[in-house]
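First up is the structure itself, then whatever we jot down about it.
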Amino acid sequence: MEPIYWNCIIAHGITAFSYFGIPIVIGVFFAKTKATIPSKFWLAFFLSGGFVLFCGFHHCLAIFEPHMVVSVLHLGVLDFMAFVSFFALLYLMPTAYQIVEAIAKSQQDTRELQRSQQMLQLFLDQGPFGAYIKDEQSTMLYYNQELQSRFSVDPQEWLGKTDSEFLTDPQEARRVMENDQMVLKTLQPLRVIEEVKLPNNQPCYWLSFKFPFTDYATGDRRIGGISIDITQSIEAQRSLTDLNRQLEEKALELEAKKRELIYLSDMADMLYCCESEDEVYKVVALTCSKLFPNTSGYIYTIANSKNYVQRNTFWGDERSSKEIFSLSECWALRRGKFNLLSPHNSGLMCSHLIHPVSGAHLCVPLFRQGELVGILHIYALEKISLEDQQITEILARTLGFALNNLMIKQRLTHENLRDGMTQLFNQRYMQTITEQRLAEAERLGQPVSVIFLDIDNFKSYNSRYGHLTANVVLQGLAKLLLKSIRSFDIACRWGGEEFVVVMPNMSLETLRKRAEELRVDVEQMQLKDGNQILEGITASFGIAVSEPGITVKDFLNRANQAMLEAKRTGKNRVREYISTRN
């Protein structure tokens, strides 16, 4: 029995060692891997552990029962149990480590996943953008803190609701839901700008990126979205657009100002070249038609009698004022300042306006050297802007300056072209105009005739009566010449007591006759200085007719030579130039 006994003791010992070794090995592995038992497995773990420990205690106590009768069958079972337990322990040592390591890795992965989820949750919740998840019916499943803050809602307030239930503007909600359905229909990401009003009714613009994905837990389609607030960018863009529009408007205004300056500059150039008041008025009317294309207007001048006003020129198609009216019928003429009548300005109504009176009317007085000479009248269908009023006043002042300059220019021109004593043309003008008449005559194939006359014995006459009385004689002869010649003939004082008359398109025969008539008229001319009757005068005449290609100098020299011949042959007679080439 001794071998059986020791066999039994050894079998119980090995089995007890194995039972106690299994939890120790597992505990060491858990300690090394820092793994923890999931709470749902705690009871099973403790029960299994208790069972193993109690089995170990059972076999440990069996070692100390030497008097227990052990059968061969029992001994075989114990030997098999000991063999199995020991080999289970040997097998469990590497396997348990792998299991525990796998559990630890799984738990570590779980913790990493939880940290990633927490980071993702923090990213979505605390990011400066709106994030949300919706189902196929656009029902809100999730939204982050940015949306909660922007729309002042609780974390659960929007859950289970659609956009039409929490957005105040139905059209906005409809557009947002249409974008959601487009994502589901095309299964493609969508980038869109959405306008949504905040609780304070302020518009907010979102750059939304919407994309479809599948919930693998349920297999349902979901719509994810991230929206970035671009309100400041939109407002900045609108501000930039407004600024560009303002710049374009300013550019158009500057272009209009440029055109106005061009028109006014052109007007100034044309006014400088005007030689009559009518030309001045026409230039101003033309400029007004360009500056005020949607208006009609008139320039009125006061008649020389100062009793009435008459229309000088006009522009446009509308006729809103009389052609002739008295000075008292215009308030601008009465007051000497502009008068405006319009639907927006209940001014005084001038009586020269044609009834029924409509639109806007502006009358601006015209002055020349402080004297009222007329009015500038403008008519518009709707209104005349303040800027147009200012331009009109500038035009009126410019017109006054132009009239002043024209008067000065005419006076200077007269003084430059006329002889101061006789008011006949002077020698310089005679040479210029004769050159023109010769060119015209050669082009037309017509002759030009000239008379050169000199008063006989004028020095002695001057010595007898004096210079002042002699000047009266010169003035009387000038009047006689102007009375005797045609309107297009040109008479001038050549110098001293010499005079020249140019007669276009006159044959030699007719010239002889006209010169002889002039000689007789001069001889019969009665001269008086106040009550004093003066002695008559005579003059010697030289005549010549032009030839093709002749110069002014040669032409006048021929007439002068003929006059000198008349002097040599007795004076008070007419002599014609005879060419010596024959």
Side-chain angles (χ1 to χ4, degrees), residues 242-271 280-301 309 311-322 325 329-368 370 372-404:
D242 292 339
L243 180 60
N244 289 334
R245 178 180 53 80
Q246 293 174 6
L247 289 176
E248 290 176 359
E249 292 176 355
K250 290 296 182 182
L252 292 176
E253 291 178 5
L254 290 176
E255 185 65 25
K257 292 291 186 184
K258 179 181 177 181
R259 287 197 301 270
E260 291 175 359
L261 291 175
I262 292 175
Y263 294 152
L264 293 173
S265 176
D266 291 343
M267 181 187 72
D269 290 340
M270 289 187 288
L271 289 176
V280 170
Y281 295 137
K282 289 178 181 178
V283 167
V284 174
L286 175 63
T287 304
C288 288
S289 67
K290 295 179 180 178
L291 290 173
F292 316 123
N294 299 321
T295 67
S296 299
Y298 317 88
I299 296 178
Y300 290 94
T301 56
V309 181
R311 187 170 68 198
N312 183 283
T313 186
F314 64 91
W315 72 91
D317 300 326
E318 297 292 335
R319 298 294 176 263
S320 59
S321 179
K322 300 176 183 177
F325 55 88
E329 291 185 81
C330 179
W331 283 101
L333 292 176
R334 288 194 200 179
R335 301 166 61 204
K337 60 174 63 176
F338 82 90
N339 183 66
L340 175 64
L341 174 66
S342 70
H344 307 287
N345 181 64
S346 55
L348 298 169
M349 182 181 296
C350 295
S351 301
H352 62 84
L353 300 180
I354 298 175
H355 291 271
V357 178
S358 61
H361 299 264
L362 177 65
C363 295
V364 181
L366 304 176
F367 293 93
R368 180 180 61 191
L372 190 62
V373 296
I375 61 169
L376 175 61
H377 174 255
I378 294 180
Y379 166 68
L381 294 176
E382 295 181 357
K383 67 176 183 178
I384 301 175
S385 66
L386 179 61
E387 182 179 359
D388 288 346
Q389 296 176 37
Q390 295 171 346
I391 294 177
T392 305
E393 291 190 83
I394 292 174
L395 287 172
R397 288 197 297 270
T398 305
L399 177 56
F401 294 149
L403 293 174
N404 293 338

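Not measured: the values here are computed from a predicted model. These values consider heavy atoms only, across backbone and side chains, with no hydrogens, waters or symmetry-generated copies.
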Run the side-chain donor-acceptor check on residues 249-265: report pairs under 3.5 Å with partners two or more places apart or on a different chain.
residue	atom	partner	partner atom	Å
Glu249	OE2	Arg245	NH1	3.0
Lys257	NZ	Glu387	OE2	2.3

Inset, instruction - Verify, without hydrogens or angle tests, whether Tyr298 (side chain) and Ser320 (backbone) share a donor-acceptor contact under 3.5 angstrom. - result: yes
Inset, instruction - May I ask you to test the Leu376-Thr392 pair for a side-chain heavy-atom distance under 4.5 Å? - result: yes
Inset, instruction - Measure the SG-CZ distance between Cys288 and Phe314 for me, rounded to the nearest 0.5 Å. - result: 13.5 Å
Legend entry - Step-by-step side chain to side chain contact (heavy atoms under 4.5 Å, CB included) determination, His361 to Ser321: CA-CA 10 Å; His361 299 264; Ser321 179; over 6 Å; no
Inset, instruction - Go through the steps to decide whether Leu366 and Ile299 satisfy the test side chain to side chain contact (heavy atoms under 4.5 Å, CB included), and finish with yes or no. - result: CA-CA 9 Å; Leu366 304 176; Ile299 296 178; 4.1 Å; yes
Inset, instruction - Apply side chain to side chain donor-acceptor pair (under 3.5 Å) to Ser385 and list each qualifying residue two or more places apart in sequence or on a separate chain. - result: Asp388
Inset, instruction - Could you check if a side-chain atom of Lys290 sits within less than 4.5 angstrom of a side-chain atom of Leu286, using non-hydrogen atoms only? - result: yes
Inset, instruction - Could you grab the distance from atom OH of Tyr379 to atom CG of Leu353, nearest 0.5 Å is fine? - result: 10.0 Å
Legend entry - Note, Thr287 side chain near Trp315 side chain (heavy atom, < 4.5 Å): no
Legend entry - Pair Val280-Leu403, side chain to side chain contact (heavy atoms under 4.5 Å, CB included): steps then yes or no: CA-CA 7 Å; Val280 170; Leu403 293 174; 4.0 Å; yes
Legend entry - Check: Cys350 and Asn339 side chains under 4.5 Å, non-hydrogen atoms: yes
Inset, instruction - Heavy atoms only: give me the nearest Ala360-Ser342 pair and the separation to one decimal. - result: CB-CB, 3.5 Å
Inset, instruction - Take the angle between the ring planes of Phe325 and Tyr300 and call it parallel below 30°, perpendicular above 60°, tilted in between. - result: perpendicular
Inset, instruction - Please list, chain by chain and in numerical order, all residues satisfying side-chain contact (heavy atoms from CB on, under 4.5 Å) with Ile354, sequence neighbours excluded. - result: none
